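Worksheet for the structure shown next.
Just so you know, these numbers come straight off a predicted model, no measurement behind them.
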Amino acid sequence: MSRFIKGESRSQITLFPEAVDEYIEEDNPVRVIDVFVDDLDLSTLGFKTVPADTGRPAYHPGVMLKLFIYGYFNRVQSSRRLEREAGRNVELMWLLGRLTPDFKTIADFRKDNTKAISRVCREFVLLCRKLDLFADSLVAIDGSKFKAVNNRNRNFTKAKIKARLKQIDESIKRYLGQIASADRVDGIRAKVKKEGLNEKICKLKQEVERLNETERELKESPDGQVSLTDPDARSMATSGRGSGMVGYNAQAAVDSKHHLIVTHEVTNQGHDRAQLSNMAAQAKTVLDVDELTVVADRGYYSGEEIKTCEEAGIRTYLPKNQTSSNQAKGYYGKRDFIYHPQDDEYECPAGERAIYRFTREEKGKQIRRYWSSACVSCSMKSKCTTGKERRISRWEHEAILDTVETRLEQAPEMMKVRRSTVEHPFGTIKYWMGSTHFQMKTLKHVSTEMSLHVLAYNMKRVIKILGARQLIAAIQA
């Protein structure tokens with residue numbers, strides 16, 4: 001054993017006990033958390049900094065906030081695990097002054113300070129802006145599905161309830177048939193079997209009552225879904241074919257230079273179509289720029305959203321959806337028709353001109369309609385339409401969409417920028433969360449949990465870029 005490094009004896013008494021501060025190195029990230037929280041004006045952010053005059057004194061919100069930031073920074077999100085770490089972790093002993101709040105106090109702090117914690121996340125983003133870490137006015141926007149506490153079996157739609165009721169009816173018929181067969185046989189085994197089958201039927205009838213109650217709740221739900229564990233969680237499709245999850249859709253705008261999350265938002269909508277202008281406007285406000293370039297995937301493609309962005313000085317790059325039903329059937333698609341803006345006419349593959357006919361409103365949009373009188377005698381009509389003539393629709397603001405499409409054709413590398421920018425943060429955060437993802441319930445509290453993850457992610461990135469000591473100096477400056 002003499003050839004190995006030996007530790008000190010557990011019973012060894014030291015003459016001069018070491019200070020806890022000596023265990024924490026100068027460039028330890030825990031010092032960044034300490035300085036950052038101490039520099040915040042917690043009362044302005046919404047934390048209650050004046051304790052009640054009666055009862056047991058409360059923990060200072062700064063202490064609890066440091067605990068949570070440290071926990072999410074080190075992938076410890078559970079209040080019970082944070083309680084244990086506070087009593088045995090030397091870094092937390094240093095950070096909290098050896099305070100050890102119980103798990104209920106820890107959980108209640110996160111639950112009762114939802115808006116304030118979200119503002120803390122924003123404060124760190126503003127610090128990043130102050131440090132000029134958002135030099136490029138280019139952000140990538142994307143959304144990702146995160147699992148909720150709610151199990152798939154505890155989420156119901158009208159179709160799911162109908163299928164389950166049908167399955168129960170078939171099970172009850174099968175059990176009744178087995179009971180009838182048992183009636184023809186005497187003996188204890190037959191009696192025991194009938195009792196077991198009757199018990200199963202009784203449970204299935206109770207389930208039918210619960211399903212009928214859930215179906216009544218569905219009629220009052222605006223989106224036709226009911227989740228029993230987490231009422232705000234929704235069933236969402238994922239990228240895998242035929243797969244899905246019950247969860248939330250987290251949106252993020254990520255800076256292209258250092259992959260820092262500029263802004264984020266959690267929604268329970270399963271699609272991204274209505275999120276482009278919202279996230280882009282938030283990013284533009286945070287970055288405090290007059291013009292902003294945004295790149296997103298085709299899931300965000302929406303005429304109204306793109307128009308809103310372009311009018312707000314936000315330059316967009318995103319591919320157009322190819323959803324033509326005619327093209328799917330083997331006919332010419334709309335992109336095979338060339339629009340001539342000077343004449344306000346479309347040129348068809350046969351070289352004929354489809355001229356403007358009339359305008360009508362469709363789903364709140366003003367749609368212009370075009371067709372050619374030559375369709376009747378056209379030799380290519382069988383490849384174009386089965387109707388009397390091929391009609392082409394054009395939105396009154398479609399020139400904006402044409403501009404965006406041309407812009408992307410001239411800079412196709414922007415899609416590579418999107419993938420290498422925004423997908424990395426989501427993958428990292430999901431890895432930290434583990435298989436369960438969110439631990440809290442309802443959109444309000446899930447948003448708070450996401451803010452803590454984003455704050456921890458951004459803080460780790462900045463420490464990696466600048467170093468702990470330089471970041472501490474910047475905060476104290």
In Å and rounded to the nearest 0.5 Å, what is the CD to CG distance from Glu305 to Leu318? 10.5 Å
Give the minimum heavy-atom separation between Asp132 and Lys257, together with the two atoms involved. O-NZ, 4.3 Å
Report the C-alpha separation of Glu291 and Ser137 in whole Å, then their side-chain angles, then the decisive distance to 0.1 Å, and conclude whether the side chain to side chain contact (heavy atoms under 4.5 Å, CB included) test is met. CA-CA 7 Å; Glu291 294 184 354; Ser137 296; over 6 Å; no
Minimum side-chain heavy-atom gap Glu396-Lys365 below 4.5 Å: no
Can you check whether Leu67 reaches Leu95 side chain to side chain, under 4.5 Å on heavy atoms? no
Answer yes or no on whether Lys307 is positioned over the face of Trp395, meaning its NZ or CZ is under 6.0 Å from the six-membered ring centre and within 45° of the axis. no
Taking the side chain from Asn249 and the backbone from Gln269, do they hold a donor-acceptor pair closer than 3.5 Å? yes
Taking all atoms of both residues into account, what is the closest heavy-atom pair of Pro101 and Met64, and its distance? CG-SD, 4.0 Å
Rounded to the nearest 0.5 angstrom, the NZ-CD1 distance for Lys130 and Ile475 is 9.0 Å
Looking only at side-chain N and O atoms, does His264 offer a donor or acceptor that is under 3.5 Å from a partner on Ser451? yes
Steps toward side chain to side chain contact (heavy atoms under 4.5 Å, CB included) verdict (Met450, Ile429): CA-CA 9 Å; Met450 190 66 189; Ile429 291 175; 4.2 Å; yes
Is there side-chain contact between Phe73 and Ile463, with at least one heavy-atom pair below 4.5 Å? yes
Treating Arg31 as the side-chain partner and Ile24 as the backbone partner, does any N or O pair qualify as donor plus acceptor under 3.5 Å? yes
Closest non-hydrogen atom pair between Thr105 and Asp102, with its separation: OG1-OD1, 2.8 Å
Backbone N or O of Asp142 within a donor-acceptor pair of the Tyr300 side chain at under 3.5 Å? yes
Can the ring centres of Phe109 and Phe47 be said to be less than 6.0 Å apart? yes
Ignoring hydrogens and geometry, is there a side-chain-to-backbone donor-acceptor pair from Asn458 to Ile261 under 3.5 Å? yes
Determine whether Val20 and Arg98 make a side-chain contact, defined as any pair of heavy atoms from C-beta on separated by less than 4.5 Å. yes
Is it the case that atom CG in Asp41 sees more than 12 heavy atoms from other parts of the structure closer than 6.0 Å? yes
Are Arg419 and Asp297 close enough for a salt bridge, meaning some N to O gap below 4.0 Å? no
Do Asp230 and Ser227 have side-chain N/O donor and acceptor atoms under 3.5 Å apart? no
Would you please say whether a donor-acceptor pair under 3.5 Å links the side chains of Gln225 and Thr157? no
Checking the side chain of Arg298 only, and the main-chain atoms of Lys320 only, is there a donor and an acceptor separated by less than 3.5 Å? yes
cation_pi(Arg129, Phe134) dist<6.0 Å, angle<=45: no
Does a salt bridge link Asp108 with Lys111, judged by any charged N lying under 4.0 Å from a carboxylate O? yes
In the structure I gave you, are the side-chain heavy atoms of Phe68 and Leu82 within less than 4.5 Å of one another anywhere? yes
Audit row: Ile168, Leu211, side chain to side chain contact (heavy atoms under 4.5 Å, CB included) steps and yes/no: CA-CA 11 Å; Ile168 290 174; Leu211 289 173; 3.8 Å; yes
Could you give the distance from CG (Leu471) to CZ (Phe124), rounded to the nearest 0.5 Å? 5.5 Å
Can any side-chain N or O of Arg119 pair as donor or acceptor with the backbone N or O of Leu45 at less than 3.5 Å? yes
Is the number of heavy atoms from other residues, nucleotides or ligands under 6.0 Å of Glu25 CD greater than 12? no
To the nearest 0.5 Å, tell me how far Ile314 CD1 sits from Lys284 NZ. 6.0 Å
Salt bridge flag under 4.0 Å for residues Glu398 and Lys334: yes
Should the ring pair His453 and Tyr72 be called parallel, tilted or perpendicular, given that the plane angle runs from 0 to 90° and is split at 30 and 60? perpendicular
Does any non-hydrogen side-chain atom of Ile33 lie less than 4.5 Å from one of Met459? yes
Report the C-alpha separation of Arg80 and Glu83 in whole Å, then their side-chain angles, then the decisive distance to 0.1 Å, and conclude whether the salt bridge (charged side-chain N to carboxylate O under 4.0 Å, His left out) test is met. CA-CA 5 Å; Arg80 291 181 183 270; Glu83 179 189 17; 5.6 Å; no
With rounding to the nearest 0.5 Å, note down the distance linking OG in Ser447 to CG in Asn268. 9.5 Å
Over all heavy atoms of both residues, which pair between Gln77 and Met433 is shortest? Give the atoms and the distance, please. OE1-O, 4.1 Å
Main-chain N/O of Gly333 paired to Asp336 side chain as donor or acceptor, under 3.5 Å: yes
Which of these, Val262, Val462, Ile465, sits in a side-chain contact (heavy atoms from CB on, under 4.5 Å) with Cys128? Val462
Closest heavy-atom pair and its distance - Leu92, Ala86: CD1-N, 3.7 Å
Is there a side chain to side chain contact (heavy atoms under 4.5 Å, CB included) between Gln251 and Asn278? Walk through the geometry before answering. CA-CA 10 Å; Gln251 300 287 318; Asn278 173 40; over 6 Å; no
Do you know which two heavy atoms are closest between Asn155 and Ala233, and how far apart they sit? ND2-O, 4.3 Å
Tell me whether Lys464 at atom NZ has more than 12 heavy atoms from other residues, nucleotides or ligands lying less than 6.0 Å away. no
Just wondering, are more than 12 heavy atoms of other shown residues or ligands nearer than 6.0 Å to CZ in Arg407? yes
If you define the side chain from C-beta out and look only at heavy atoms, does anything of Asp402 sit under 4.5 Å from Arg394? yes
Can you tell me how far the CG atom of Leu42 sits from the CD atom of Glu123, to the nearest 0.5 Å? 10.0 Å
Short side-chain to backbone donor-acceptor contact, Asp272 and Gln275, under 3.5 Å: no
Keeping the roles fixed (side chain from Asn28, backbone from Val30), state whether a donor-acceptor pair exists under 3.5 Å. yes
Taking atom CD as the centre, does Glu413 end up with more than 12 heavy-atom neighbours from other residues, nucleotides or ligands that are less than 6.0 angstrom away? yes
Residue pair Met245 / Arg152, side-chain heavy-atom distance below 4.5 Å: no
Do we get Arg84 above Phe103's six-membered ring, with its NZ or CZ under 6.0 Å from the centre and within 45° of the axis? no
Expected output: side-chain Thr421 to main-chain Arg418 donor-acceptor under 3.5 Å: no
